[in-house]
Amino acid sequence: MKFADLHLHTKYSDGTFSPEELVLQAQKAGLACIALTDHDTVEGCAEAATAAAAVGMEFIPGTELTAEHNDTELHVLGYFLDIRNKKLLAEIAKFQAVRQDRIHEMVKRINAQGVPLQPEAVFAIANCKSPGRPHVARAMVKAGLISNVDEAFERFLKKGRPAWVPKTKVSAMEAMDLVHQAGGLAVMAHPGLNRTDDIIPALVDAGLDGIECFHTKHSTATAERYLSIADKYHLLVTGGSDCHGFSKGKPLIGTVRLPYEHVEKLKAKVAQRAAAVT
Ligand code: AMP
Ligand code: ZN
Ligand code: FE
Ligand code: FE
């Protein structure tokens, strides 16, 4: 049996592995195929593709776009993207600018709480175009302002806390169109986390291709629930660990194992769509 992990992050967003380290860890986990899905970027995909090719592993270029529908945040995964697509790169650059502005705003609010964090400290830790809250948390830990990342989220960064800043987000429909015009498939990420089941029919009408049934934070019952939803709406099935690096000494990569037959179905749909265009 061959397996894939289709939800992975690197240091190009809020993960800690380089693309090369990610591929090495994927090899250790015995995976035949991986997809890189960094938040609002495709920057690590070329490096990951090269590293994967060197060890004979299949690689799918992807991203995880932060989007919204009816004021609910949801994450749209894009797979099989043309990472040189001009519109994709132009729009992603805008999302990254929003993320960078948001770091300044979060730091201001943290400062207003009497905590002397510098924005430069966050950008130095992030060292990427797509910074986010985990980088703010890590910078606070490094500066000795709090003791761990969880504390940063609990006290400052999670929704409703003093430094929580809502992000201006692309609509889910626009995110899916962006993925499609770049030759990709649009998949709803970890629906069990966002509790957004009521919007699934609207997304399906707008061209949603698949749904992430298997995820680290989905129980078996949750996975089964989304498998039946996938069946009902004729959606492709995906899954991944959402690994961000080492957590508690071990990386999550490969702990969610998607049977390869699902990758074959994804590839068939991409091929079918490409054939319809030409
Ligand atoms: P952002 O995209 O900047 O809003 O940051 C979202 C990321 O922060 C997610 O992808 C998670 O990796 C991480 N995150 C969200 N909530 C928490 C939390 N309570 N504790 C630790 N990390 C979190
Ligand atoms: Zn993340
Ligand atoms: Fe996500
Ligand atoms: Fe993710």
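In listed order, ligands and their atoms are each counted from 1.
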How is the N/O/S atom of H244 that comes nearest to the Zn ion (ligand 2) named?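 Looking only at N, O and S atoms of H244, the one nearest the Zn ion (ligand 2) is named NE2.
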Look at the aromatic rings of H190 and H7 and report parallel, tilted or perpendicular, splitting at 30° and 60°.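 Geometry flag for H7 against H190: parallel rings.
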Under 30°, 30 to 60°, or over 60°: which ring-plane class applies to H75 and H39, parallel, tilted or perpendicular?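 Geometry flag for H39 against H75: perpendicular rings.
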Assess the pair Y226 and F214: is the distance between their ring centroids shorter than 6.0 Å?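 No.
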When rounded to the nearest 0.5 angstrom, what distance separates NZ in K11 from OG1 in T16?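 It comes to 10.5 Å.
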Residue of the set E58, Q272, H262 for which side chain to side chain donor-acceptor pair (under 3.5 Å) holds with K267: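 Checked E58, Q272, H262 against K267; only one passes side chain to side chain donor-acceptor pair (under 3.5 Å): E58.
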N/O/S of H9 less than 2.8 Å from the Fe ion (ligand 4)?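 Under 2.8 Å: H9 contacts the Fe ion (ligand 4) through an N, O or S atom.
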Quick check: does H75 put an N/O/S atom under 2.8 Å from the Fe ion (ligand 4)?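 Under 2.8 Å: H75 has no N, O or S contact with the Fe ion (ligand 4).
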Would you mind naming the N, O or S atom of D242 nearest to the Fe ion (ligand 4)?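 Restricting D242 to its N, O and S atoms, the minimum distance to the Fe ion (ligand 4) goes to OD1.
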H9 N/O/S atom closer than 2.8 Å to the Zn ion (ligand 2):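 No N, O or S atom of H9 is closer than 2.8 Å to the Zn ion (ligand 2), so no.
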Whether D242 has an N, O or S atom under 2.8 Å from the Zn ion (ligand 2):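 Not a single backbone or side-chain N, O or S atom of D242 is under 2.8 Å from the Zn ion (ligand 2).
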Does E64 bring an N, O or S atom to under 2.8 Å of the Fe ion (ligand 3)?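 Yes, since at least one N, O or S atom of E64 sits under 2.8 Å from the Fe ion (ligand 3).
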Is H39 close enough to the Fe ion (ligand 3) that one of its N, O or S atoms comes in under 2.8 Å?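 No.
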Salt-bridged, R99 to D40, with N to O below 4.0 Å?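 Answer for the salt bridge query: yes.
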